[in-house]
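Comments concern the structure below.
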Amino acid sequence: MTEKYNPKLLEKNIQDHWESNKVYESKIDQREKFYCLSMFPYPSGKLHMGHVRNYTIGDVISRYKRMQNYNVFQPMGWDAFGLPAENAAIQNKVNPKDWTNQNIKNMKNQLKSLGLSYDWSKELRTCDPSYYKWEQLIFKKFHDAGLVYRKKSLVNWDPVDKTVLANEQVIDGKGWRSGAQVELKEIDQWFIKITNYAEELLESLESLDWPENVKLMQKNWIGKSFGAEIIYQLEESDKKLKTFSTRPDTIFGVSFLALSPNHPLSIEIAKNNAKVMDFLNLCKESKAAEADMATAEKLGIDTGIRVIHPITEERLPVWIGNFVLLEYGTGVVMGVPGHDSRDYEFATKYNLDIKQVIQLEDETELPILEKGRLVNSDDFNGMSSEEASSKIIKHLTKVGKGSELTQFRLRDWGVSRQRYWGCPIPVIYKNGEPEMVQEKDLPVVLPELSEGSSPKPLSQIPDFIELDKDVLRESDTFDTFMDSSWYHARFTSSENDKEIFDNNTKYWLPVDLYIGGIEHAILHLLYSRFFHKALRDIGMVDGDEPFKRLLTQGMVLKDGAKMSKSKGNTVDPQAYIDKYGADTVRLYMMFTSPPEQSLEWSESSVEGASRFLKKVWALVSGRKFESFDINNLEFDKNDIELRRKTHATLKKVQNDYEIRFAFNTAIAAIMELLNFIPDDYKDDAASDSNKFCLNEAIIFILKMLSPIAPHICEHLWREYQYDNENIEIWWPEYNEDLLDAEEFELIVQVNGKVRGKILLNKDLTEKEIEEIASQIENVKTHIGDSQIKKSIYVKDKLLNFVI
RNA sequence: GGGGAUGUGGUGGAACUGGUAGACACGCUUGGCUUAGAACCAAGUGCCGCAAGGCGUGGGGGUUCGACUCCCUCCAUCCCUACCA
């Protein structure tokens, strides 16, 4: 009788062993390094399935790389500032700091129970002054490098609670707590000039080993577009309006201009025009989120002001449109209803002229969005869009009414947040003039809240704000994306309280593999890339990019929907870790779907994962390695087949782990190998050659499975006593010579339909194969009396007779 | 509205380079073991059909000897949309 598989006890023992021997603490050595980073979590209190999936992927790869003799660094920490702590603090009357720290404690225990091979000695939390001190320093350095400025921008304002709301706190235009109609309000904020790096952020995407869809999303987000700046003269005024258009070829189709409601001219007009004022106020009843702006009904008002068309000198009306963003381009849109669907919708609604100036080969209804040939465009008629664009730009440049212009969609990064639980922005105001806090005075520490008091914006904490007569402290905190934009670098030097980065940083950076949710494809990853480049330019880090390779995992769903508290469909991973053990949960997560796809949670599949581990246990437990001299063994057909399967599986698993990240198919292959072992090989009476082949299969299975199910494999490895090494010390090698079989199965098709399968020797010629295949009964039947027009042969695979 | 993905049996998924659709699992059915159940073991399991055979990868169309894979088009779901992280 063998011992029963008891994951709970076994896993605890193995984990204690890892911890007391500091197995996963990394330091610089001679081997090739591998920095494997999973996106650190927001400490919400409990691990959710998405975390488990993310961190298992990272751990599998880390363990695999470790077995391949890389010097692996896999740290973990906490993205500890943010809105949820404030919400929880208000709801439960606890201090955000205590709440956060308690959550971290819980989640750390959970992570440990999953058997993740983290180097906990490098742990960091962004809410700790020892971390954000350096963030404040970076901000100061960015400022000194000319990357920081102040400007007004829009926020969601709750007029009842008198607070700024995040987009997610605005529900159907109302504040989530007060229920009051939210207003757009302009306030002064700090910005960082990420747009200085727009070109480089775009270009160096090419050098990254990232999924193409993520690169494409970033490219589109940065949104480089070529076009023209076109200047319109206001009638009876010396004022001008600048517009940007990517389609200067449609300039003869302009029938109106539309200003953003926040454009200075709109505001000026409103001062003397009550109707316009009303309209601007109406526009304020909106939400700052782009998705809401873009889907809102298009509204506009005629300002009564007219401009002169730069070429035709026609008078065109100037409207204000709620769909025009001040932040993009110049905040003025030139309306070409014939060739832009949004302008078309607007013009139809307000009875504005719709002119066709582009024609396609075939008749098409307006609006025509494609490029074509110009019509109704004076001297430019008949030209292609491309030719006309460049000629029109040339003409406008000559007459001083425009010029060629390249525009980015990317906007500068507003980093000010009017919140308590964040990193204080290290600025003081002397007589209203901002000044960076000196390096020696950092960190500016977040003030403690008095017992039981709710978090409040720092502006309401006089002890913090008021420094001296006419000397005030900045009361905003940083966007939490600031915290997460450089943590990957700080992990390497987190033990150093004298310097922000050190020699360890030089050794470990860049991150070789970064793993996280697809939802971070744009913002977090773009900000981190920007930070890295800006830090490089102030001499703090080396290299152009922080993350060499990226793996984006899909969501964990239940019943086709994202798990969320509001839907009440969350599944607590801890319950499953307790019931089945970490190895089963890890195996389930890796087996159920490939990492990049979303994963549908299914309880019964967990059962299946557990069953497989029990089978592995049943095969190995109680068995000891027996040594044989391979030269004395004679392998029969079954032996050779098992060895082929064993070595082929290793080859496949290596490819799946390393190249494809297809852990699901790697596991399926290991399952196949296990199923392939003949029962009599497991018998005590089996021949020496049988036993040798079984030994080999067992060794390979434990090694291949150990990155995914490290506890059970380590335990069985010790018990099996092949060597006295830790299972993670080495990785087996497959023998290419064993992979080739003498025979193959030929698929015989007639007109592309399978009509026969036949086992053939590989040294037959194509002619011989055709002859044999054409004699198969079912093939003969389907060919009948017909003439074979041609046959297509795919070597060692398929033969198709076309009749 | 814009950008990016996904869609294959009852379920999760496989098919890596245009070449056997459904690997590997889950579930289900039948049988074995058992007083019974659980667990375990064995066999079967895309759909229609007695069978021969036909049909089948979200819908429609196309390219090809051959399409889950390439092209066009439509539909559904998910992610992001700059203050959730």
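Side-chain atoms are counted along with the backbone in the values below, which use heavy atoms only and exclude waters and symmetry mates. Every chain is numbered from 1, with letters handed out A, B, ... down the list of sequences.
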Between [options], which nucleotide gets closest to the side-chain atoms of [X]?
{"X": "Phe591(A)", "options": "A25(B), G19(B), C83(B)", "result": "A25(B)"}
{"X": "Ala291(A)", "options": "G4(B), G1(B), C40(B)", "result": "G1(B)"}
{"X": "Arg611(A)", "options": "G53(B), C40(B), G3(B)", "result": "C40(B)"}
{"X": "Ile522(A)", "options": "C84(B), C80(B), G13(B)", "result": "C80(B)"}
{"X": "Pro84(A)", "options": "C84(B), A5(B), U20(B)", "result": "C84(B)"}
{"X": "Asn664(A)", "options": "A21(B), A85(B), A14(B)", "result": "A14(B)"}
{"X": "Asn213(A)", "options": "C24(B), A5(B), C16(B)", "result": "A5(B)"}
{"X": "Leu410(A)", "options": "A82(B), C79(B), C80(B)", "result": "A82(B)"}
{"X": "Ala668(A)", "options": "C84(B), A23(B), G54(B)", "result": "A23(B)"}
{"X": "Asn156(A)", "options": "A85(B), C83(B), A25(B)", "result": "C83(B)"}

On a whole-Å scale, what distance lies between the [atom1] atoms belonging to [N] and [M]?
{"N": "C16(B)", "M": "U6(B)", "atom1": "P", "answer": "15 Å"}
{"N": "G3(B)", "M": "G58(B)", "atom1": "C1'", "answer": "23 Å"}
{"N": "G46(B)", "M": "G10(B)", "atom1": "C1'", "answer": "10 Å"}
{"N": "C24(B)", "M": "C41(B)", "atom1": "P", "answer": "16 Å"}
{"N": "G2(B)", "M": "C48(B)", "atom1": "C1'", "answer": "45 Å"}
{"N": "A25(B)", "M": "U45(B)", "atom1": "C1'", "answer": "14 Å"}
{"N": "G18(B)", "M": "C71(B)", "atom1": "P", "answer": "11 Å"}
{"N": "U64(B)", "M": "C78(B)", "atom1": "P", "answer": "38 Å"}

Rounded off to whole Å, could you give me the [atom1]-to-[atom2] distance for the [X] and [N] pair?
{"X": "Lys215(A)", "N": "C80(B)", "atom1": "NZ", "atom2": "C1'", "value": "19 Å"}
{"X": "Phe81(A)", "N": "A85(B)", "atom1": "CZ", "atom2": "C1'", "value": "15 Å"}
{"X": "Phe191(A)", "N": "A82(B)", "atom1": "CZ", "atom2": "C1'", "value": "10 Å"}

Would you say a side-chain N or O of [X] is under 4.0 Å from OP1 or OP2 of [N]?
{"X": "Asn778(A)", "N": "G53(B)", "answer": "yes"}
{"X": "Asn220(A)", "N": "G4(B)", "answer": "yes"}
{"X": "Thr480(A)", "N": "A85(B)", "answer": "yes"}

Any non-hydrogen side-chain atom of Phe323(A) less than 4.5 Å from a side-chain atom of Arg342(A)? yes
First locate atom [atom1] of [X], then atom [atom2] of [Y], and finally report the distance between them rounded to the nearest 0.5 Å.
{"X": "Gln597(A)", "Y": "Gln553(A)", "atom1": "CD", "atom2": "CD", "answer": "12.5 Å"}
{"X": "Thr665(A)", "Y": "Tyr657(A)", "atom1": "OG1", "atom2": "OH", "answer": "10.0 Å"}
{"X": "Asp412(A)", "Y": "Ile194(A)", "atom1": "CG", "atom2": "CD1", "answer": "8.0 Å"}

C83(B) base to Glu168(A) side chain: any donor-acceptor pair below 3.5 Å? no
Check: C83(B) base within 3.5 Å donor-acceptor of Gln189(A) side chain: yes
ring-ring contact (aromatic ring centres under 6.0 Å, His included) between Trp78(A) and Tyr487(A): does it pass, once the steps are laid out? CA-CA 9 Å; Trp78(A) 310 96; Tyr487(A) 79 108; over 10 Å; no
Check: Phe478(A) ring centre within less than 6.0 Å of Phe81(A) ring centre: no
Tyr131(A), Tyr132(A), Phe481(A) screened by ring pair (Phe, Tyr, Trp, His ring centres under 6.0 Å) with Trp486(A), the one that passes: Tyr131(A)
Dump the intermediate steps for salt bridge (charged side-chain N to carboxylate O under 4.0 Å, His left out) on Asp479(A) and Arg417(A), then the final yes or no. CA-CA 6 Å; Asp479(A) 175 7; Arg417(A) 297 292 179 270; 3.2 Å; yes
Is the terminal nitrogen or CZ of Lys298(A) (NZ for Lys, CZ for Arg) located under 6.0 angstrom from the six-membered ring centre of Phe346(A) and within 45° of that ring's axis? no
Enumerate, in order of first residue number, the stems that involve RNA chain B, defined as 3 or more consecutive Watson-Crick or G-U wobble pairs with both distances under 3.5 Å. B:1-7 with B:75-81, B:10-12 with B:24-26, B:27-32 with B:40-45, B:46-48 with B:53-55, B:58-62 with B:70-74
Please classify G32(B) as syn or anti, treating any glycosidic angle within 90° of 0 as syn. anti
